[in-house]
**Student:** 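Please read through the structure below; I'll follow up with questions.
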Amino acid sequence: MSGAPQPQPAATTRPDPYAPKGLALTLESTGAILLALIWVLPLAYAVWAAIHPAEYTTRFVLTAPLTLDNFTRAWAAAPFARYFLNTFVLVTMILAFQLVLGTLAAYALARQDFWGRDIAFALILAQLMIMPDALIVENYRTLARVNLIDTIPAIALPYIASAFGIFLLRQTFKTVPKELDDAARVEGASPLQVLMKVYVPLARPTYIAYGLVSVSYHWNNFLWPLLVTNSVESRPLTVGLQVFSSSDQGIDWAVICAATLMTSAPLLVGFLLFQRQFVQSFMRAGIK
């Protein structure tokens with residue numbers, strides 16, 4: 001019958017012409033497996049040494065007894081509670097400033113028209129090419145003049161504005177349709193209200209991904225905190241762990257591995273929880 005609906009042909013998926021095949025696929029898979037092993041093996045050894053007695057750090061016996069005594073000894077041997085508090089305050093302070101400054105700068109560069117906008121963005125991109133280590137001497141001199149050495153703000157101040165964060169948020173804001181912006185303005189919203197009610201909610205995955213990058217970088221940052229801190233009251237975990245594992249404390253790899261796992265566990269848990277947003281946000285940032 002002419003009025004009967006005709007069956008629709010099943011959609012076919014075109015094969016990716018750039019997908020590796022044959023020998024290339026084998027080499028790519030082998031390389032990925034080798035890289036995964038290189039990354040996993042040190043972590044696996046740290047876990048083994050941390051949960052077994054010291055005499056089994058170099059003896060891989062499957063029937064070796066399990067213990068948590070290494071974590072207890074590591075926690076008692078150094079003020080890790082203070083180091084955790086210092087690191088939490090440090091990364092929170094840096095991330096808060098970076099998100100506020102980065103959001104305002106990215107919105108201005110993405111949606112506001114003003115003289116010198118492209119020049120300002122070019123300077124921000126140029127700053128991405130400058131390694132922070134190249135500015136250590138001048139930063140130290142500046143902080144010494146204002147008597148901030150050996151304080152948590154001294155660690156944070158050189159990083160409160162992030163060129164990478166501004167670039168990432170600008171790329172995300174430029175993907176937001178201008179129609180939403182215009183509709184909010186018609187309703188009487190101010191530029192700040194448009195930013196907070198339209199752009200920020202739509203960029204939530206990017207904020208999560210950038211937050212993970214920022215927290216992981218400053219959680220693991222070592223050289224700059226080592227130079228500007230001298231006391232327990234201001235040392236972050238990385239510097240405290242280095243002091244703890246120095247020769248003065250003796251070399252007990254089981255305890256050192258336990259302390260290392262304690263300091264890195266929050267980052268591993270955070271990445272596992274937000275890995276999807278982490279990958280998707282960086283893919284979207286490169287679209288426009």
**Student:** Group every Ile, Leu, Val, Met, Phe, Trp and Tyr by side-chain heavy-atom contacts under 4.5 Å, then state whether I166 and V100 land in the same group.
**Tutor:** yes
**Student:** Do I124 and L128 touch side chain to side chain, with heavy atoms closer than 4.5 Å?
**Tutor:** no
**Student:** Quick one about T103 and Y199 (side-chain donor to acceptor, distance below 3.5 Å, no hydrogens or angles considered), yes or no?
**Tutor:** no
**Student:** Roughly how far, to the nearest 0.5 Å, is the CD atom of E138 from the CG atom of L143?
**Tutor:** 11.0 Å
**Student:** R117 and Q112: which non-hydrogen atoms are nearest, and at how many Å?
**Tutor:** NH1-O, 2.9 Å
**Student:** Is there a donor-acceptor pair under 3.5 Å between the side chain of W75 and the backbone N or O of A81?
**Tutor:** no
**Student:** Is a donor from one side chain sitting under 3.5 angstrom from an acceptor on the other, for Y210 and S162?
**Tutor:** yes
**Student:** Please check this pair: side chain of D150 against backbone of N230, looking for a donor-acceptor N/O pair closer than 3.5 Å.
**Tutor:** yes
**Student:** Compare all side-chain heavy atoms of N86 with those of T229 and state whether any distance is below 4.5 angstrom.
**Tutor:** no
**Student:** Rounded to the nearest 0.5 Å, how far apart are CG of L227 and CD1 of I155?
**Tutor:** 10.5 Å
**Student:** What are the two closest heavy atoms between A106 and R170, and how far apart are they?
**Tutor:** CB-N, 3.4 Å
**Student:** If you look at every heavy atom in F114 and A108, which pair is closest and at what distance?
**Tutor:** CE2-O, 3.5 Å
**Student:** Drop me the distance from E233's CD to I152's CD1, to the nearest 0.5 angstrom.
**Tutor:** 10.0 Å
**Student:** Under 4.5 Å between side-chain heavy atoms, hopping through other hydrophobics if needed: is there a path connecting V232 to M262?
**Tutor:** yes
**Student:** Considering all heavy atoms of both residues, which atom of A254 and which atom of H52 are nearest to each other, and what is their separation?
**Tutor:** CB-O, 4.2 Å
**Student:** Under a 4.5 Å cut-off applied to non-hydrogen side-chain atoms, are F71 and I51 in contact?
**Tutor:** yes
**Student:** Is there side-chain contact between V200 and Y207, with at least one heavy-atom pair below 4.5 Å?
**Tutor:** yes
**Student:** For residues C257 and A50, report the shortest heavy-atom separation together with the two atoms involved.
**Tutor:** C-CB, 4.1 Å
**Student:** Kindly indicate, with the supporting measurements, whether the criterion side-chain contact (heavy atoms from CB on, under 4.5 Å) is fulfilled by L237 and N220.
**Tutor:** CA-CA 8 Å; L237 277 169; N220 293 317; over 6 Å; no
**Student:** Report the distance from atom CG of L109 to atom CG of L169, rounding to the nearest 0.5 Å.
**Tutor:** 10.5 Å
**Student:** Donor-acceptor pair, distance only, cut-off 3.5 Å: does the side chain of T57 make one with the backbone of W253?
**Tutor:** no
**Student:** Are L223 and V243 grouped together when hydrophobic residues (ILVMFWY) are joined by side-chain heavy atoms under 4.5 angstrom apart?
**Tutor:** no
**Student:** Roughly how far, to the nearest 0.5 Å, is OH of Y56 from OG1 of T67?
**Tutor:** 12.0 Å
**Student:** Determine the sole option in V91, N221, L90 for which the side-chain contact (heavy atoms from CB on, under 4.5 Å) test with Y159 is passed.
**Tutor:** N221
**Student:** With a sphere of 6.0 Å drawn around CZ of F80, does it hold more than 12 non-hydrogen atoms of other residues, nucleotides or ligands?
**Tutor:** yes
**Student:** Using a 4.5 Å cut-off on heavy atoms from C-beta on, say whether the side chain of D133 contacts that of I136.
**Tutor:** yes
**Student:** Could you please spell out the steps behind the side-chain contact (heavy atoms from CB on, under 4.5 Å) verdict for L202 and F173?
**Tutor:** CA-CA 8 Å; L202 292 176; F173 288 166; over 6 Å; no
**Student:** Take atom CZ of F84 as the centre, draw a 6.0 Å sphere, and report whether it contains more than 12 heavy atoms from other residues, nucleotides or ligands.
**Tutor:** yes
**Student:** Any heavy-atom pair between the side chains of T175 and Q171 that's under 4.5 Å?
**Tutor:** no
**Student:** Answer yes or no: is there a donor N or O on one side and an acceptor on the other, between the side chain of N70 and the main chain of P53, under 3.5 Å?
**Tutor:** no
**Student:** Hey, does L195 have a side-chain heavy atom less than 4.5 Å from the side chain of L104?
**Tutor:** yes
**Student:** Taking T92 for its side chain and V89 for its backbone only, find out whether a donor-acceptor pair lies under 3.5 Å.
**Tutor:** no
**Student:** Do the non-hydrogen side-chain atoms of Y83 and T238 ever get within less than 4.5 Å of each other?
**Tutor:** no
**Student:** Taking NZ, NE, NH1 and NH2 as the nitrogens, is one of them in K178 or D182 under 4.0 Å from a carboxylate oxygen of the other?
**Tutor:** no
**Student:** In Å, rounded to the nearest 0.5 Å, how long is the span from NE2 of H218 to CE of M93?
**Tutor:** 12.0 Å
**Student:** Using modelled atom types and a 3.5 Å cut-off, is there a donor and acceptor pairing between side-chain atoms of W224 and backbone atoms of A154?
**Tutor:** yes
